[in-house]
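Below, chain A is the first sequence line, B the second, and so on; all start at residue 1. What you see is a predicted model; the values in this text were computed from it and never measured.
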Amino acid sequence: MTEQELLRRESLQKLRELGIDPYPAPLFDVTATAADITHHYEEIVLEDGSKNRLNYQDIAIAGRIMAAREAGKAMFLNLQDASGRIQLYARRDDFLNAETGEAPIFDHLIKKLLDLGDYVGVRGYAFKTKTGEISVHVREFIMLSKSLRPLPVVKKDAEGNVFDAFSDPELRYRMRYVDLTVNTQYRDIFIKRSRMIKTIRAYLDDLGLLEVETPILQPIHGGAAARPFKTHHNTLDMPLFLRIANELYLKRLIVAGFDGVYEIGKMFRNEGMDRTHNPEFSMLEFYVAYKDYFWLMDVTEQMLERVARALHADGLATAQIGDHTIQFAGPYRRLTIYDAIKEYSGFDAENADEAALFAYCKQEHIEVDKTMGMAKLLDEIFSAKAEKHLIQPTFLMDHPVEMSPLTKKHRSKPGLVERFELYINGKEVANAYSELNDPIDQRERFEEQLRLAERGEEEAMAMDEDFLRALEYGMPPTAGIGFGIDRLAMMFTNQSSIQEVLFFPQMRPEV
RNA sequence: GAUCUCGUAGCUCAGUCGGUAGAGCACUUGACUUUUAAUCAAGGAGUCAUGGGUUCGAGUCCCAUCGAGAUCACCA
């Protein structure tokens with residue numbers, strides 16, 4: 001243990017010797033918060049110059065001690081609660097025992113045995129100090145929980161310059177409780193994330209969709225192209241996978257007769273980690289019967305506009321991402337893959353055959369190999385040439401059928417499917433399509449995936465006979481979409497790393 | 001997975017050419033009854049990520065390992 005930790009344990013022992021429980025059981029009835037008081041405190045100055053304090057004259061407030069300044073037989077403390085910080089003022093005279101002339105609570109508890117980071121409860125009244133700071137004059141001081149480790153002390157001057165910020169990302173992510181205690185600005189990211197999800201939920205509820213939960217432990221991992229986490233059920237003695245997607249289960253519910261369902265939940269993909277990928281991440285998926293992908297575009301525009309307004313301080317439908325101001329009010333640009341490539345590279349991919357696509361990639365130094373088919377080549381060209389330009393929300397539509405095994409064939413364009421991806425700030429945030437509901441076509445697509453798997457494609461989808469059986473009973477025409485919740489949160493909070501929008505990003509174990 | 005950068009006190013960092021481990025905040029003791037990055041005086045605090053090597057001598061140079069970040073690749 002460090003010197004400071006030992007001292008805190010000594011303080012703990014001394015508190016007990018004084019008969020003060022450092023971890024008391026009874027509730028502490030909080031009646032005011034730091035923000036309440038600082039925003040609503042009122043006083044008037046009377047004709048004789050004295051002040052008449054109008055409110056917060058008998059309050060109870062609780063929180064963590066974040067700073068202490070001794071001033072002789074008085075003391076100033078900064079108390080931090082969930083709403084913010086407020087100054088406490090304690091005066092020795094207020095704790096004097098008239099008979100003994102001693103003030104043990106002040107001399108021992110407040111002045112000596114109190115450490116930064118301790119949780120305390122205070123009863124007293126609000127007032128303004130000489131320098132005009134709204135503060136709480138302490139009448140009663142109660143230890144609520146002793147802190148045994150020193151917090152990083154982050155200081156700010158009057159201009160807002162920060163000193164000694166707790167800034168090491170490794171320590172911040174590993175000890176998020178410390179991070180959010182001392183770097184309270186990061187709380188806003190998570191508050192916004194929560195409000196974003198709440199707004200989405202409200203929007204989908206208003207649309208009349210039913211919120212559902214589907215299995216996370218799945219015997220067959222389907223619905224996406226990704227490597228899964230594998231686990232084992234002891235009683236059943238069978239392997240199970242953590243879901244990489246919930247799509248096939250949500251469609252079963254459409255078969256079952258629900259007109260519209262949505263689920264917000266965690267997905268798990270056993271792949272690389274970087275600043276936009278965490279092994280577990282949150283997805284929103286929703287499926288609505290009798291709709292198509294054009295309808296989903298309209299709904300997406302409305303939903304994101306509503307989210308943007310809910311998160312913007314002035315209710316505007318915009319968000320600042322780096323240097324870009326993103327406009328979330330629709331309509332968004334709608335661009336086919338061919339048009340996107342043509343626009344940003346000048347290359348006419350629509351009228352090129354596979355050999356021509358391959359030759360173009362070589363010419364432009366786009367990394368390709370002989371195993372890639374037309375669809376993959378198109379995707380490579382798009383990624384290299386067009387993706388980064390799609391800053392304002394853009395629906396990239398009409399993908400090749402090979403890359404979309406669960407998507408309905410395009411109503412008029414052979415070889416393509418009715419699919420779109422939403423790009424914002426050069427990154428994909430949603431993937432949507434008119435769902436394939438032809439069970440025979442679906443079986444053929446699965447069989448094609450099996451052939452890919454035999455060729456060594458690790459991420460090919462597995463055949464799901466129960467899903468096919470469900471489709472054979474009949475699924476209405478349906479539109480479905482999935483959103484990466486974490487990536488949306490990154491955009492709406494202007495963060496470039498997924499770790500900043502996850503409370504506990506995955507880390508390698510500490511030594 | 002590849003490359004680069006980083007790891008020194010609780011926190012943020014300095015550490016020159018290889019020659020006894022430094023600062024600010026935090027902490028301890030003392031002073032101060034309206035301070036606020038409080039101030040003033042004194043003091044304590046380190047397995048320099050881990051392991052090896054070179055050297056008379058390594059925080060510093062070399063190798064390996066662990067952890068983190070960035071870029072790229074892979075992946076949606």
### Message
What's Phe95(A) touching, base or sugar-phosphate or nothing? Going by heavy atoms closer than 4.0 Å.
### Response
nothing
### Query
Does Arg508(A) have a side-chain nitrogen or oxygen under 4.0 Å from the phosphate oxygens OP1 or OP2 of A68(B)?
yes
### Message
Rounding to an integer number of angstrom, what distance separates A45(B) and U28(B) when you compare their C1' atoms?
### Response
10 Å
### Gln499(A) side-chain N/O to G69(B) phosphate OP1/OP2 under 4.0 Å
yes
### Query
If we take the P atom in both G59(B) and C4(B), what is their distance in whole Å?
25 Å
### Base U35(B) to side chain Thr129(A), donor-acceptor N/O within 3.5 Å cut-off
yes
### Task
Output yes when a side-chain donor or acceptor of Asp464(A) lies under 3.5 Å from a complementary backbone atom of Ile220(A), and no otherwise.
no
### Message
For a quick check of understanding: with a heavy-atom distance under 4.0 Å over all strands, which category does Met75(A) fall into, base, sugar-phosphate or nothing?
### Response
nothing
### Summary
Winner on side-chain proximity to Lys112(A), out of U29(B), U12(B), U33(B), is U29(B)
### Message
I want to verify a distance call: between U33(B), U35(B), U12(B), whose nearest atom is closest to the Asp93(A) side chain?
### Response
U33(B)
### Message
Using the ring centroid of each side chain, check whether Phe382(A) and Tyr423(A) are separated by less than 6.0 Å.
### Response
yes
### Query
Base, sugar-phosphate, or nothing: which does Asp274(A) touch, judged by heavy atoms less than 4.0 Å apart?
base
### Message
Whether Arg451(A) and Glu448(A) form a salt bridge (side-chain N of Lys/Arg under 4.0 Å from carboxylate O of Asp/Glu) is what I want to check.
### Response
yes
### Task
Taking only the side-chain nitrogens and oxygens of Arg69(A), find out if one of them lies under 4.0 Å from OP1 or OP2 of A38(B).
yes
### Query
With respect to the side chain of Phe163(A), which nucleotide from U33(B), C75(B), A37(B) is positioned closest?
A37(B)
### Query
How far, in whole Å, is G15(B) from U60(B) if one measures between their C1' atoms?
9 Å
### Task
Could you check which nucleotide pairs with G18(B) in any of the strands shown, counting Watson-Crick or G-U wobble with both distances under 3.5 Å?
none
#### Entry: P atoms of A38(B) and C48(B), separation to the nearest Å
32 Å
### Query
Separation of Glu510(A) atom CD from A49(B) atom P, in whole Å?
16 Å
### Query
Under 4.0 Å between a side-chain N or O of Lys111(A) and OP1 or OP2 of U28(B)?
no
### Shortest side-chain distance from Tyr89(A), nucleotide among U12(B), U33(B), U35(B)
U33(B)
### Query
Can you tell me how far C1' in G44(B) sits from the matching atom in G30(B), rounded to whole Å?
15 Å
### Whole-angstrom distance between A21(B) and A9(B), as gauged at atom C1'
10 Å
### Query
Between Tyr332(A) and Phe395(A), does the ring centre distance come in under 6.0 Å?
yes
### Distance, rounded to the nearest Å, where Asp94(A) contributes CG and U33(B) contributes P
14 Å
### Query
Across the strands shown, which category fits Phe127(A) at heavy-atom distances under 4.0 angstrom: base, sugar-phosphate, nothing?
base
### Task
Select base, sugar-phosphate, or nothing to describe what Arg269(A) touches, counting heavy atoms under 4.0 Å on all strands.
sugar-phosphate
### Side-chain donor/acceptor of Asn78(A) to backbone N/O of Arg85(A), under 3.5 Å
no
### Message
From CD1 of Ile134(A) over to P of U35(B), roughly how many Å is that when rounded to an integer?
### Response
17 Å
### Message
Just to be sure I understand the rule, does Glu271(A) reach a base, reach only the sugar-phosphate, or reach nothing, if contact means heavy atoms closer than 4.0 Å?
### Response
sugar-phosphate
### Message
Just to be sure I understand the rule, does Lys155(A) reach a base, reach only the sugar-phosphate, or reach nothing, if contact means heavy atoms closer than 4.0 Å?
### Response
sugar-phosphate
### Task
May I have the distance from Leu116(A) (atom CG) to A38(B) (atom P), rounded to whole angstrom?
10 Å
#### Entry: Gap in Å between the two C1' atoms, one belonging to G43(B) and one to U47(B), rounded
24 Å
### Query
Mapping Phe166(A) and Arg92(A) to their closest nucleotides on RNA chain B, which lands nearer the 5' end?
Phe166(A)
### Query
Which sits closer to the 5' end of RNA chain B, Arg487(A) or Glu133(A), going by the nucleotide each is nearest to?
Glu133(A)
### Query
Rounded to the nearest Å, what distance is computed from the CG atom of residue Leu171(A) to the P atom of nucleotide A9(B)?
11 Å
### Message
What contact category does Glu5(A) fall into here, base, sugar-phosphate, or nothing, at under 4.0 angstrom with non-hydrogen atoms?
### Response
nothing
### Query
If we call it a pair only when both distances are under 3.5 Å in a Watson-Crick or G-U wobble match, what pairs with C72(B)?
G1(B)
### Message
Can you tell me which nucleotide in U12(B), G69(B), G67(B) comes closest to the side chain of Glu170(A)?
### Response
G67(B)
### Task
Can you measure from CD1 (Ile44(A)) to NZ (Lys51(A)) and round to the nearest 0.5 angstrom?
12.5 Å
### Message
Please report the distance, rounded to the nearest Å, between CG in Asp486(A) and P in C75(B).
### Response
21 Å
### Nearest-Å distance for atom pair CG/P, residues Asp118(A) and G10(B)
19 Å
### Check: Phe503(A) and Leu180(A) side chains under 4.5 Å, non-hydrogen atoms
yes
### Query
Given C75(B), C11(B), C32(B), which nucleotide is nearest the side-chain atoms of Asp164(A)?
C11(B)
#### Entry: Any donor-acceptor N/O pair, Gln499(A) side chain to Asp274(A) backbone, under 3.5 Å
no
### Task
Examine Phe492(A) together with Phe328(A) and report whether their ring centres are nearer than 6.0 Å.
yes
### Message
Students often get this wrong, so: under 4.0 angstrom with heavy atoms, is Arg172(A) touching a base, only sugar-phosphate, or nothing?
### Response
nothing
### Query
Base, sugar-phosphate alone, or nothing: which one does Thr276(A) contact when heavy atoms must sit under 4.0 Å apart?
nothing
### Query
Counting side-chain heavy atoms from CB outward, which of G10(B), U12(B), C27(B) is closest to Leu7(A)?
C27(B)
### Query
Once you round it to whole Å, what is the distance between P of C74(B) and CG of Asp379(A)?
11 Å
### Task
Would you indicate what Leu151(A) reaches in the nucleic acid, counting non-hydrogen atoms under 4.0 angstrom: base, sugar-phosphate, or nothing?
nothing
### Message
Need one value for Lys427(A): base, sugar-phosphate or nothing, where a base atom within 4.0 Å counts as base even if backbone is also close, heavy atoms only.
### Response
nothing
### Message
So Arg149(A), base contact, sugar-phosphate only, or nothing? Heavy-atom distance under 4.0 Å.
### Response
nothing
### Task
Name the pairing partner of U47(B), where a pair is Watson-Crick or G-U wobble with both distances under 3.5 Å, or state none.
none
#### Entry: Nearest-angstrom distance, P atom, A26(B) to C17(B)
33 Å
### Message
For a quick check, tell me whether the side chain of Glu3(A) and the base of G44(B) share a donor-acceptor pair closer than 3.5 Å.
### Response
yes
